[in-house]
Undergrad: 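First the structure, then my questions, so here it is.
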Amino acid sequence: MRELARVFDGVADAYDAGRPSYPDELFAALAEVSGVDLAGATTVDVGAGTGILTRALRARGSRVVAVDPSAEMLTRLVSRSGEEGGTAASAAVRADGNALPLADGVADLVTYAQSWHWLDPVASIAEARRVLRPGGAIAGCWNLTDARQAEWLAAHEALLAEECPAYWGQALEEWSVPPIAEAFEVVAERWIPWTRLAGIEEFLLGMRSHSYMAELPPQAADALVERRRAELRRTFPGGVVSVPMRVYLAVGR
Ligand SMILES: C[S@@+](CC[C@H](N)C(=O)[O-])C[C@H]1O[C@@H](n2cnc3c(N)ncnc32)[C@H](O)[C@@H]1O
């Protein structure tokens, strides 16, 4: 578990400050295709990290059990648990999503927000099925930049691919969304487009929070961020970056 958590332990602050939340349309689509009413549902949010999805689910009335092996990520989740409203009770559990410390049949929904690709593809889904009630649903979602929509973003992703040996993303021909849809009988897959507006520094923190950046030597990461800052200031002289995004959602049972 320590090994799994280590990469995110190192980027928890950048993650907390620099990663975007999810658009409202994601929650509408999730409720519609899962058949689960988020208000009053019990959700196990696996790989909850700093709680981006956890908070959004709580704000919509879900009781959420947030599970993550990273103590640093969970610390941010707990310290921000009063934000964005939400009256339902929640719990944060430091654990491996491949072996959930939860009883059988307790959840209406198991979510993996940008996290399922970090887990074992078979053990994780077996665990999700075990903790779900009959009629419950499993949902994976990934908040992705959409480089097809903006030249500056395509160039940005291409540079990351070039400079970060561990880069995995859309600039690589062999990249595709994680194959969670193959892991269960899929009820639905949806692509939800939206636009993120972020200050340049916020955008750069989000960039730093990716595992492929965390794996660069610190000086190389600093130099890359500095070059991107200069370029972004030229492209967005007003200081606000407009980032085309799309969320991939797969829901199954
Ligand atoms: C990219 S972050 C996603 C965080 C959050 N869900 C979000 O939407 O921003 C991936 C998270 O998965 C967690 N993770 C990695 N391996 C895991 C495992 N085996 N079980 C549960 N969570 C895991 C990491 O610690 C990290 O917090």
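Bear in mind the structure is a predicted one, so any value in this text is a computation, not a measurement.
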Undergrad: Between S21 and I52, which heavy-atom pair has the shortest distance, and what is it?
TA: CA-CG2, 3.5 Å

Undergrad: Got a second to check how far L38's CG is from L30's CG, nearest 0.5 Å?
TA: 5.0 Å

Undergrad: Quick one: does R63's side chain have a donor or acceptor within less than 3.5 Å of a partner on G40's backbone?
TA: yes

Undergrad: Side-chain heavy atoms under 4.5 angstrom apart, residues restricted to Ile, Leu, Val, Met, Phe, Trp, Tyr: same cluster for W191 and Y22?
TA: yes

Undergrad: Determine whether V187 and F184 fall in the same hydrophobic cluster, where Ile, Leu, Val, Met, Phe, Trp and Tyr are linked whenever their side-chain heavy atoms lie under 4.5 Å apart.
TA: no

Undergrad: Do any N or O atoms from the side chain of R55 and from the backbone of T50 form a donor-acceptor pair under 3.5 angstrom?
TA: yes

Undergrad: Is it true that a side-chain atom of T235 and a backbone atom of L232 form a donor plus acceptor pair closer than 3.5 Å?
TA: no

Undergrad: Walk me through it: do M245 and Q149 pass the test side chain to side chain contact (heavy atoms under 4.5 Å, CB included)?
TA: CA-CA 9 Å; M245 306 282 298; Q149 307 296 337; over 6 Å; no

Undergrad: Do M213 and L224 make a side-chain contact, defined as non-hydrogen atoms from C-beta onward lying under 4.5 Å apart?
TA: yes

Undergrad: Using a 3.5 Å distance criterion without hydrogens, assess whether the side chain of R190 forms a donor-acceptor pair with backbone atoms of L26.
TA: no

Undergrad: Distance from E127 atom CD to D104 atom CG, nearest 0.5 Å?
TA: 8.5 Å

Undergrad: Let me see the working for Q114 and R19 under side chain to side chain contact (heavy atoms under 4.5 Å, CB included), right down to the final yes or no.
TA: CA-CA 11 Å; Q114 352 237 110; R19 288 287 187 113; 3.4 Å; yes

Undergrad: Ignoring hydrogens and geometry, is there a side-chain-to-backbone donor-acceptor pair from N98 to D120 under 3.5 Å?
TA: yes

Undergrad: Stepwise, does the side chain to side chain contact (heavy atoms under 4.5 Å, CB included) test hold for V11 with H210?
TA: CA-CA 8 Å; V11 296; H210 282 275; over 6 Å; no

Undergrad: Check the pair L57 / F27 against side chain to side chain contact (heavy atoms under 4.5 Å, CB included), numbers first and verdict last.
TA: CA-CA 8 Å; L57 288 169; F27 301 95; 4.1 Å; yes

Undergrad: Tell me whether S124 contacts the main-chain N or O of G97 through its side chain, where contact means a donor paired with an acceptor under 3.5 Å.
TA: no

Undergrad: Looking only at heavy atoms, what is the nearest atom pair of R196 and A198, with distance?
TA: NE-CB, 3.7 Å

Undergrad: Do the charged groups of D37 and R60 touch, with an N to O distance under 4.0 Å?
TA: no

Undergrad: Using a distance-only test with no angle check, is there a side-chain donor-acceptor pair under 3.5 angstrom linking H117 and W168?
TA: no

Undergrad: Would you compute the distance between atom CG of L74 and atom OG of S79 and round it to the nearest 0.5 angstrom?
TA: 10.5 Å

Undergrad: Report yes if the side chains of V46 and W116 come closer than 4.5 Å at any heavy-atom pair, otherwise no.
TA: no

Undergrad: Can V240 be reached from I200 by stepping across I, L, V, M, F, W or Y side chains whose heavy atoms are under 4.5 Å apart?
TA: no

Undergrad: Within the structure provided, determine whether L100 and R130 are in side-chain contact (heavy-atom separation under 4.5 Å).
TA: yes

Undergrad: Compare every heavy atom of G51 with every heavy atom of L77, then report the nearest pair and how far apart it is.
TA: CD1-CA, 3.4 Å

Undergrad: What pair of heavy atoms forms the shortest contact from S242 to F236, and how long is it?
TA: N-CE2, 3.6 Å

Undergrad: Return the minimal non-hydrogen interatomic distance between I125 and P121, and the atom names on each side.
TA: CG1-O, 3.4 Å

Undergrad: Does D45 use its side chain to pair, donor to acceptor, with the backbone of A66 at less than 3.5 Å?
TA: no

Undergrad: Within the distance-only criterion (no hydrogens, no angle test), does the side chain of D9 pair as donor or acceptor with the backbone N or O of S70 below 3.5 angstrom?
TA: no

Undergrad: What about W152 and F203, are their ring centers closer than 6.0 Å?
TA: yes

Undergrad: Once you round to the nearest 0.5 Å, how far does CD of E25 lie from CD of E32?
TA: 12.5 Å

Undergrad: Find the distance between CD1 (I180) and OG (S115) and round it off to the nearest 0.5 Å.
TA: 8.0 Å

Undergrad: To the nearest 0.5 angstrom, please state how far the CG atom of L205 sits from the OH atom of Y15.
TA: 13.5 Å

Undergrad: Can you confirm whether P20 sits close enough to N143 that some side-chain heavy atom of one is under 4.5 Å from a side-chain heavy atom of the other?
TA: yes

Undergrad: For the residue pair W118 and F8, categorise the inter-ring angle as parallel (less than 30°), tilted (30 to 60°) or perpendicular (more than 60°).
TA: perpendicular

Undergrad: Report yes or no: do Y212 and L172 belong to one cluster of Ile/Leu/Val/Met/Phe/Trp/Tyr joined by side chain heavy-atom distances under 4.5 Å?
TA: yes

Undergrad: Please tabulate, one pair per line, all N/O donor-acceptor pairs under 3.5 Å involving side-chain atoms of residues 153-167, not counting sequence neighbours.
TA:
residue: H156; atom: ND1; partner: R228; partner atom: NE; Å: 3.0
residue: H156; atom: ND1; partner: R228; partner atom: NH2; Å: 3.4
residue: E157; atom: OE1; partner: Y167; partner atom: OH; Å: 2.5
residue: E157; atom: OE2; partner: T145; partner atom: OG1; Å: 3.1
residue: E163; atom: OE1; partner: R227; partner atom: NH1; Å: 3.3
residue: E163; atom: OE2; partner: R227; partner atom: NH1; Å: 3.1
residue: E163; atom: OE2; partner: R227; partner atom: NH2; Å: 3.2
residue: Y167; atom: OH; partner: Q170; partner atom: N; Å: 3.4
residue: Y167; atom: OH; partner: A171; partner atom: N; Å: 3.2

Undergrad: State, yes or no, whether a side-chain contact exists between V177 and E189 at a heavy-atom distance under 4.5 Å.
TA: no

Undergrad: Do I138 and L132 have side chains that approach each other closer than 4.5 Å (heavy atoms only, starting at C-beta)?
TA: yes

Undergrad: Applying a strict under-4.5 Å side-chain criterion to I, L, V, M, F, W and Y, I'd like to know whether L249 and W175 cluster together.
TA: yes

Undergrad: Specify the closest pair of heavy atoms between V36 and A137, including all atoms of both residues, with the distance to one decimal.
TA: CG2-CB, 4.4 Å

Undergrad: Is it the case that over 12 heavy atoms from other parts of the model lie below 6.0 angstrom from the CD atom of E173?
TA: no

Undergrad: Any non-hydrogen side-chain atom of P69 less than 4.5 Å from a side-chain atom of D96?
TA: no

